[in-house]
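The structure under discussion appears below in the form of C-alpha cells.
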Amino acid sequence: MASVEKLTALFKLFFLVAVLLQWGGSHAQQPYLNNKQLNCSEQSDNFTKGYYCNGLHKSCASYITFRSTPPYNTAVAIGYLLNANATQIVSLNNFPSDFATIPSDTLVLVPVNCSCSGNYYQYNSSYTVIVNDTYLIISNNTYQGLTTCQAMMAQNPYDPRALTVGNRLLVPLRCACPTSAQSAAGFKYLISYLVITGDFISTIAAKFTAEVQSVFDANELSSNVIYPSTPILVPLRAEPKINESQQTSPPPPPPPQTPTGVGESKSSKKWVFVGVAAAASSLILLGLFGFLFYFNKRRSRKPKPLLEPRPPLPTPQLRKFSDSSDFPPSISSQGIRHEIESLTLYKFGDIQAATGNFDETNRIKGSVYRASFKDDDAAVKVMKGDVSAEINLLKKINHTNIIRLSGFCFHEGSSYLVYQYAENGSISDWLQSNKNQASHTLSWQQRVRIAYDVADALNYLHNYTNPPYIHKNLKTSNILLDGNFRAKIANFGLARTLENGNDGGLQLTRHVVGTQGYLAPEYIENGVITPKLDVFAFGVVMLELLSGREAAAAAERNGEGELLSASIERVLEGDNVREKLEGFMDPALQHEYPLELAFSMAQLAKNCVAHDLNARPSTADALNTLSKILSSSYNWDPSDELDRSTSMSSSR
Ligand SMILES: *[C@@H]1O[C@H](CO)[C@@H](O)[C@H](O)[C@H]1NC(C)=O
Ligand SMILES: *[C@@H]1O[C@H](CO)[C@@H](O)[C@H](O)[C@H]1NC(C)=O
Ligand SMILES: *[C@@H]1O[C@H](CO)[C@@H](O)[C@H](O)[C@H]1NC(C)=O
Ligand SMILES: *[C@@H]1O[C@H](CO)[C@@H](O)[C@H](O)[C@H]1NC(C)=O
Ligand SMILES: *[C@@H]1O[C@H](CO)[C@@H](O)[C@H](O)[C@H]1NC(C)=O
Ligand SMILES: *[C@@H]1O[C@H](CO)[C@@H](O)[C@H](O)[C@H]1NC(C)=O
Ligand SMILES: *[C@@H]1O[C@H](CO)[C@@H](O)[C@H](O)[C@H]1NC(C)=O
Ligand SMILES: *[C@@H]1O[C@H](CO)[C@@H](O)[C@H](O)[C@H]1NC(C)=O
C-alpha cells in the first residue's frame, strides 16, 4: 500500500513538474499550427489566427521566408507580394539585382517589421483577388502558408463564398517577436520558416545554424510531426544567414507522406529527453516521464493523418470554400475595371496568350503590344533593365489622366508591363502621322481638352502626391488618347520624386536625359530638376497642339534650326500678331478655331517655355487658365468666329 502511495505521490510530483514545464516552456511561446490552418471553419482555434502578441516588445525586426516560384521569382515580385523592400531582400540573400530571376524553390529570406495588431503579431501585406481564389488558396498556395485562411477571414470583410475578382484583401503574415524568456536566453530574432516535405526540425535548425531545442520550444512542439506549408519559428541570436550546404544538399530521404519529419522520431526523443533530464534528476521520474510522454504522443498522434497522403480530411466547410465550381467568383470585366486598385503579377504564359505570342499584328509601336485579357484590352510594354521605379510610382498613383498600370511580369531578364489600353494612340500620331487626312485630325475642342487633361495630371503629380513627382519626359508621343479622346500621360520611366530638401526642392543632376525640343534650358545647362521642367515640356506640347509642328523638326533636319519653343516668341511679339498666329496654327484645323482663345493658349504656352524658370507659371496656374479657355471653347460657335477675331485684333 505504502508503495502505491509513494507511486501516487511521485505521479503528483511528476504532474507538477510536467505542468511547470508545460507552463514555463510553452505558455509564453507560440503553439504550432499542426495543420489546423486547413480547417477554414469560422469557429477555429485562436492560434490559427496568428502568433500571440506575448513577446517582450510590441514590435521587432523579424524575418519571413518564401520559396521563389513564378511569377514571384524576382526580388521585386516577392517584395511586392509580401509588402517588403526589394533592396533589402537583394542584399540579405546576395541576389545579383532587384529583378534577376531567382531559381525556382530557392528559399528567400525577407526582412519585415513585425508588430502587434490586437492580440496577434503580424506583418501586413495586401493582395488583390484573381480568378478561382479562395481564402485557402491565397493563404496556402499563393502565400505558401505565411498566413492562414482563419487569419484572413478574421481580418477581411468579404464573405468566403463571395470573394470577387478585384477584392483587395489584407494579408496578415505570421511573424513573432521573442518572448522575455527567449530574449533572456539571448535570442534576438524569430524567423517564420515554411516547412516543405522532407524537412525535420533538426535540418531546419541546421539550415539557419540554430539550436534544435530552441526550435522545439519556440513552437511548443512535443512531437516531431510537422506539416508542409506551415510556418515554424526559428529563434536566432544574430541576423540570419542561410547555410548554403543545407540549402543545396537535399535532406535525408523523406517519407512519402504528408506530415514531414516523422522518420526522425528517434532523434527527437533524444532531444525531448535532454530537456527532461535537465529538469528532473530522478531516474524513476525520467522513466515515468518518458513512459507517459510516449503515451501522450501516441494518443496525440493517432487521430492525425500521420500516414495518410495529402489533402487531409476536407470538411464540408473546407470543400465549400475551396471548390470554386459551387461558388464561381464573378468575373466581370466591369468588376476588374472598377475594383482593381493594385497590380496583378501575370504569368508569362498569360502574357504570351494575350498578345498572340507577341504577334506582329499586335505590335502597336516599338516594343509595345496590344493584348486581350478576357474582355479587357491592354497594352504590354516589353522592357529590359530595372523597371521597379516605374512600377513603384504607378502603383501609388490614381488619376484618370495618367495611364494605369494594371500589372506586370518578369521573364528571363525582361519585364512586361501591362497598361490600360488607349484606343486612340498618342497625340503625336494624330498631329504628325495623320497630318494629311482632314477627316482625321483633332478638333479645336479636343486639343484644348487634351491640354487641360495633361495640366490636370501634372498638377496632381506636382501638388497632390506625396512625395511629389516630376515626369521629366513629357512629350506628345507619351500622351495617349482613350476612346473618348481623353488624354493619359504615359511612360514614367524617367520620373523621379522631388524630395523635400532645405533648398525648396532644388535638385541637381549631371545625367541629363530626355528628348530634344522638350528640355528646359536650366536642365540642359546645369542639370537643375524642378517641377518647372515639366511645365516647360508642357508648353512645348501646347505649341504642338496649336501648330501641328514637331518640337524639334527643323533642328533635327539640319542640325541647327529653331526649336518650336523658341519660335513662339516671334509669333506673339511685335506687329501683326493676328496674321502671324494664323500662320502658326495647324493648317489641318482649317481655321476652325476661335483665334482669341488660340491667342490665350499660345500666350500660356509662351509663358510655360520662358527661359527663366521663375517666370513660368505653376501647373496649378496653367490648369486654371486652361479651364477658362476650355469652357469658352465649349461655348464657341464657329459662325461667330469672324466677329470675335475681328474684335480681338482691334483690341490689340
Ligand atoms: C474544424 O474546426 C472546428 C472548430 O474547431 C471543429 O469543430 C471541426 O471538427 C474541425 N474539422 C476538422 C475536420 O478537423
Ligand atoms: C479567443 O479569442 C477571443 C477573442 O479575442 C477570446 O474572447 C477567447 O476567449 C479566446 N479563446 C481562447 C480559447 O483563448
Ligand atoms: C529599402 O531599403 C533600402 C536600404 O535599406 C532603403 O534605402 C530604401 O529607402 C528602402 N525603400 C523603401 C521603399 O522603403
Ligand atoms: C523597419 O523599420 C525600420 C526602422 O523603423 C526601417 O528602417 C525599415 O525600413 C523597416 N523595414 C520594413 C521592411 O518596413
Ligand atoms: C495591420 O492591419 C491591421 C488591421 O487593419 C491594423 O490594425 C494594424 O495597425 C496594421 N499594422 C500596421 C503595422 O500597419
Ligand atoms: C478556374 O477554375 C475552373 C474550374 O475548375 C477552371 O476550368 C479554370 O481553368 C480556372 N481558371 C483559372 C484562370 O485558373
Ligand atoms: C497547400 O499548398 C501546397 C504547396 O503549394 C500544396 O501541395 C497543397 O496541396 C496545398 N493544400 C491544399 C489543401 O490546398
Ligand atoms: C553548414 O552546414 C554544414 C552541414 O550541416 C556544417 O558542417 C557547417 O558548419 C555549416 N556552416 C556554417 C557556416 O554554419
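Heavy atoms only: backbone and side chains are in, while hydrogens, waters and symmetry mates are out. Computed from a predicted model, the values in this text were never measured in an experiment.
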Answer with yes or no after comparing the ring centroid distance for Phe66 and Tyr143 against a 6.0 Å cut-off, counting only values under it. no
Indicate whether the side chain of Gln445 and that of Ser633 have a donor and an acceptor atom separated by less than 3.5 Å. no
Can the ring centroids of Tyr51 and Tyr121 be said to lie less than 6.0 angstrom from one another? no
Is a donor on one side and an acceptor on the other found under 3.5 Å between the side chain of Asn93 and the backbone of Leu109? yes
Before you tell me yes or no, could you show the steps for Leu543 and Lys606 under side chain to side chain contact (heavy atoms under 4.5 Å, CB included), namely the whole-Å CA-CA distance, both residues' side-chain angles and the distance that decides it to 0.1 Å? CA-CA 8 Å; Leu543 293 174; Lys606 177 181 158 246; over 6 Å; no
Atom pair NZ (Lys381) and CD1 (Ile364), whose distance is rounded to the nearest 0.5 Å: 11.5 Å
Does any part of the side chain of Cys409, heavy atoms only, come nearer than 4.5 Å to the side chain of Val418, both counted from C-beta? no
Taking it one step at a time, do Tyr80 and Phe408 satisfy ring pair (Phe, Tyr, Trp, His ring centres under 6.0 Å)? CA-CA 11 Å; Tyr80 184 72; Phe408 57 99; 5.6 Å; yes
From Leu458 CG over to Asn401 CG, what is the distance, rounded to the nearest 0.5 angstrom? 10.0 Å
Is Asp586 salt-bridged to Arg447, cutoff N-O under 4.0 Å? yes
Side chain to side chain contact (heavy atoms under 4.5 Å, CB included) evaluation trace for Leu474 with Tyr518: CA-CA 8 Å; Leu474 191 70; Tyr518 294 93; 6.0 Å; no
Between Val380 and Ala371, what is the shortest heavy-atom contact and its length? CG2-CB, 3.7 Å
Kindly say whether Tyr120 contributes a backbone atom to a donor-acceptor pair with the side chain of Ser117 at under 3.5 angstrom? no
Run the salt bridge (Lys or Arg N to Asp or Glu O under 4.0 Å) test on Glu423 and Arg370 for me, step by step, so that the C-alpha distance in whole Å, both residues' side-chain angles and the decisive distance to 0.1 Å come before the verdict. CA-CA 10 Å; Glu423 285 90 329; Arg370 182 187 178 135; over 6 Å; no
How about His471 and Phe492: are their ring centroids closer than 6.0 Å? yes
Please report whether the ring centroid of Tyr72 lies less than 6.0 Å from that of Phe410. no
How about Cys177 and Cys60, are their SG atoms within less than 2.5 Å of each other? yes
Is there a donor-acceptor pair under 3.5 Å between the side chain of Arg168 and the backbone N or O of Thr128? no
Any chance you could measure His462, atom NE2, to Tyr469, atom OH, to the nearest 0.5 Å? 12.5 Å
What distance separates Glu522 CD from Ile529 CD1, expressed to the nearest 0.5 Å? 10.5 Å
Close side-chain approach of Leu92 and Gln88, heavy atoms under 4.5 Å: no
Is the closest basic N to carboxylate O distance between Lys365 and Asp429 below 4.0 Å? yes
Within the side chain of Asp482, is there an N or O that forms a donor-acceptor pair under 3.5 Å with the backbone of Lys488? no
Mind running side chain to side chain contact (heavy atoms under 4.5 Å, CB included) on Ile64 and Leu82 for me, showing each step along the way? CA-CA 9 Å; Ile64 56 183; Leu82 303 179; 4.1 Å; yes
Answer whether the closest heavy-atom distance between the side chains of Lys532 and Phe536 falls below 4.5 Å. no
Side-chain touch Leu169/Ile138, heavy atoms, less than 4.5 angstrom: yes
If you take all heavy atoms of Leu170 and Pro172, which pair is closest and at what distance? O-CD, 3.5 Å
Heavy atoms from other residues, nucleotides or ligands near CG of Asn463 exceed 12 (cutoff 6.0 Å): yes
Kindly give the heavy-atom pair with the smallest separation between Glu544 and Gln432, and that separation in Å. OE1-NE2, 4.1 Å
Do Ser428 and Lys475 make a side-chain contact, defined as non-hydrogen atoms from C-beta onward lying under 4.5 Å apart? no
Centre-to-centre under 6.0 Å for Phe485 and Trp430, is that the case here? yes
Expected output: side-chain Asn140 to main-chain Leu136 donor-acceptor under 3.5 Å: no
Quick one: does any side-chain atom of Asp359 pair with a main-chain N or O of Thr361 as donor and acceptor, under 3.5 Å? yes
Closest non-hydrogen atom pair, Ala84 against Val110: CB-CG1, 3.4 Å
Taking all atoms of both residues into account, what is the closest heavy-atom pair of Leu546 and Leu589, and its distance? O-CD1, 4.3 Å
Are any side-chain N or O atoms of Arg363 and backbone N or O atoms of Tyr369, one a donor and one an acceptor, separated by less than 3.5 Å? no
Ignoring hydrogens and angles, tell me if any N or O in the side chain of Asn362 forms a donor-acceptor pair with the backbone of Thr355 under 3.5 Å. yes
Determine whether Ile351 and Lys347 make a side-chain contact, defined as any pair of heavy atoms from C-beta on separated by less than 4.5 Å. no
Does the distance from a Lys or Arg side-chain N to an Asp or Glu carboxylate O, for Asp534 and Lys472, drop under 4.0 Å? no
Ion pair Asp376/Lys374, N-O distance below 4.0 Å: no
Distance, nearest 0.5 Å, that separates OG1 of Thr142 from CG of Leu81: 7.5 Å
In the structure I gave you, are the side-chain heavy atoms of Lys58 and Cys53 within less than 4.5 Å of one another anywhere? yes
Short side-chain donor-acceptor distance under 3.5 Å, Asn124 and Gln122: yes
So, for Pro531 and Ile470, which heavy atoms are closest and what is the spacing to 0.1 Å? N-CD1, 3.7 Å
Spatial distance of atom CZ (Arg449) from atom CG (Leu545) [nearest 0.5 Å]: 13.5 Å
Taking it one step at a time, do Arg67 and Thr106 satisfy side chain to side chain donor-acceptor pair (under 3.5 Å)? CA-CA 5 Å; Arg67 284 194 175 76; Thr106 305; over 6 Å; no
Classify the side-chain pair Asp133/Tyr127 by whether it contains a donor and acceptor separated by less than 3.5 Å. yes
Whether Ser414 side chain and Lys384 backbone form a donor-acceptor pair below 3.5 Å: no
In the structure I gave you, are the side-chain heavy atoms of Leu626 and Met601 within less than 4.5 Å of one another anywhere? yes
Would a distance-only check, ignoring hydrogens and angles, find a side-chain to backbone donor-acceptor pair under 3.5 Å from Asn156 to Met152? yes
Which is it for Ser192 and Thr65 under the side chain to side chain contact (heavy atoms under 4.5 Å, CB included) test, yes or no, and what are the steps along the way? CA-CA 6 Å; Ser192 302; Thr65 59; 5.7 Å; no
